[in-house]
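Throughout, protein chains are lettered first and strands after them, A, B, ... in sequence-line order, and every chain is numbered starting at 1. Here the structure is a predicted model, which is why all the values come from computation and not from measurement.
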There are 2 protein chains.
Amino acid sequence: MSNTLPPLSAIRAFEAASRHLSFTKAGEELGMTQAAVSYQIRLLEDRLGFQLFTRKTRRIELTEHGAELASKVVDSFTSLRQAFEDLTDKNAGQLVVSSNTTFAVNWLSNRLVHFQMQNPDIAVRILPYGPDAHPRFDSSDVVVSACKAPPKDWIAHEVVKATFTPMLSPVLAETIGGIKQPEDLLKLPLVDPQDPWWDIWFAAAGIPDVDLSSYPNSRMGSQALEANRAIAGQGVAILTPYFCKNAIETGQLIQPFELTCRVEAESWFLSYPPINRTSRKVRLFRDWVAGELKRDGMP
Amino acid sequence: MSNTLPPLSAIRAFEAASRHLSFTKAGEELGMTQAAVSYQIRLLEDRLGFQLFTRKTRRIELTEHGAELASKVVDSFTSLRQAFEDLTDKNAGQLVVSSNTTFAVNWLSNRLVHFQMQNPDIAVRILPYGPDAHPRFDSSDVVVSACKAPPKDWIAHEVVKATFTPMLSPVLAETIGGIKQPEDLLKLPLVDPQDPWWDIWFAAAGIPDVDLSSYPNSRMGSQALEANRAIAGQGVAILTPYFCKNAIETGQLIQPFELTCRVEAESWFLSYPPINRTSRKVRLFRDWVAGELKRDGMP
DNA sequence: TGACATGCATAAGTCTTCCTTATGCATACT
DNA sequence: AGTATGCATAAGGAAGACTTATGCATGTCA
């Protein structure tokens, strides 16, 4: 198959002209003048070496060859338009959020209903990714990731600062007569003792160089799971208080100390590439997240 | 369906890039640089509002959306290419000759075999048209018409001058003891007495204002038919000698007088639009016709 | 392990091509 | 007859496509 299609602008003009059987109307559809269409058609005819239209007075007719070509070209363009339309439709109506599991489970999951009720025309698809996976930067419209900085050039909004403090179930605390001092925590099992946050917190609490190497390693990697184990009384977890608000209010978890730490600049960021700045669905989602945070009294 | 396709050049670049999964290769195929492809893809991505390719190092991958779009776009372009290829193939291999019946029957029909033997790759299609019809200027590659001048701007070769003289079968001539003088013809029935050529010929023969109105009107309109009736002895026909050569040589017809007439400038012309000047099949046909004429001793 | 090759991104400048404007022509309509 | 409509054509202009040149990242090979 000789790969050399005639100039596409000429084909496009022909496609429209063959549908309208009028250069003038085709021009209108394509947003150009009659003369331009005429020029393009002639170009195509010269290129092919035969007439596509018969010029009657004030009227054009497809020639035999022209008619044959027209039907195929119109078909091709129809499916081409369909392809783009499908894509933009689907794309406009579907918001893909790549979020790490923690945020997805602790924050998004139980609020998303509100967003969907406010925006019934947008189907939200959450792609959660675990601690060892990477966000799907490419296939997502929006990414929520916990990191020090989102990809370069991306637009980023800080959602929640990654603070942390130990949490445990009141029942577990009672087993050792309550938690009075940080040291008390070491009497209990830790959920994911390998979490680097422990070192930082204990250091801040005045217990540097705590050795957690003897603790069994359960490596949960996601606050959602860690919180569940903590609630079940299986150990002490080190969690972000904001995400535990509900569990604390309902008495499932207690936060024994006010002291919270954070790794400098580490936060959850909602981010998206600049190209999405003007995207309706992205704007709506971003504003909705901001609103929710404000209601929670977040800065 | 929103009719606004993205720029076609961008779509074309995407189509090629998606097949090669390489901007460089796509550029080669399209005869442009890698930079140009990169530019067009970016254009398309900006327009659509999302990425089509993921840029890995020294490699690109289609995103989810990109892959979906690619399959459809490639399909569309494939059928588009196919459409043009079909057309040019068919067009290159098929020569459509619109010829008036006289020339088609008297000249083309029995010689065409030779042309087809010389050019087995070209399928000749003759569209004959009767005396009251018009040549199919549009749907033909070549037109053979009897007229004073072919369409303006067309390239025309005079094939046969439209000369004429009475012809009849020797049997019919014998019924009145042979044809000695032009007047003798009036003793016999005329095939198509309404043919204007009669007036002209009789006038040239020294018998002006001959009144043929009483003759039965059979209005054949095509020399082929008129010749047949003359051969059958049904009357005298006024024909072009060149087309009767064979019938005369075989004794089916006689030409009683040397006198031939013609209407000024009226001829059979082989003509075609300038666009076909370089067409192989048209060139071959034109040259073949010229060769045949030369063999017949025509100028 | 450093030198080189490969492939994409980007900026600046050029040049082509496409399009508009303006006009003419033929013809249909009133 | 006069006007409106539709296509053709020429000339000029503007948008955008493409090239050149360069940078960057990384894989490869001596």
Can you check whether [X] reaches [Y] side chain to side chain, under 4.5 Å on heavy atoms?
{"X": "A:Thr102", "Y": "A:Trp107", "answer": "no"}
{"X": "A:Cys261", "Y": "A:Trp197", "answer": "no"}
{"X": "B:Phe53", "Y": "B:Thr63", "answer": "no"}

Between N or O atoms, less than 3.5 Å apart, protein on one side and nucleotides 11-18 of chain D on the other: list the pairs.
{"residue": "D:dA17", "atom": "O5'", "partner": "B:Gln40", "partner atom": "NE2", "Å": "3.4"}
{"residue": "D:dC18", "atom": "OP2", "partner": "B:Gln40", "partner atom": "NE2", "Å": "2.9"}

- Does a donor on one side chain and an acceptor on the other come within less than 3.5 Å for A:Thr240 and A:Thr163? no
- Query: Does a donor on one side chain sit under 3.5 Å from an acceptor on the other, for B:Thr54 and B:Glu61?
  - Reply: no
- Establish, with yes or no, whether the OP1 or OP2 oxygen of C:dA28 is under 4.0 angstrom from a side-chain nitrogen or oxygen of A:Thr57. yes
- Task: May I ask you to evaluate whether B:Arg42 reaches the phosphate of C:dT10, defined as a side-chain N or O under 4.0 Å from OP1 or OP2?
- Result: yes
- Query: Just wondering, more than 12 heavy atoms not from B:Lys25 lying within 6.0 Å of its NZ?
  - Reply: no
- Task: Dump the intermediate steps for salt bridge (Lys or Arg N to Asp or Glu O under 4.0 Å) on B:Arg19 and B:Glu29, then the final yes or no.
- Result: CA-CA 11 Å; B:Arg19 276 186 287 108; B:Glu29 173 183 318; 2.7 Å; yes
Which atom pairs link the protein and nucleotides 6-8 of chain C when you take only N or O atoms and keep those under 3.5 Å?
{"residue": "C:dT6", "atom": "O4'", "partner": "B:Arg58", "partner atom": "NH2", "Å": "3.0"}
{"residue": "C:dT6", "atom": "O3'", "partner": "B:Arg58", "partner atom": "NH2", "Å": "3.2"}
{"residue": "C:dT6", "atom": "O2", "partner": "B:Arg58", "partner atom": "NE", "Å": "3.1"}
{"residue": "C:dC8", "atom": "OP1", "partner": "B:Phe23", "partner atom": "N", "Å": "3.0"}
{"residue": "C:dC8", "atom": "OP2", "partner": "B:Thr24", "partner atom": "N", "Å": "3.1"}
{"residue": "C:dC8", "atom": "OP2", "partner": "B:Thr24", "partner atom": "OG1", "Å": "2.3"}

- Salt-bridge test for B:Glu15 and B:Arg81: reply yes if a basic N is under 4.0 Å from a carboxylate O, no otherwise. yes
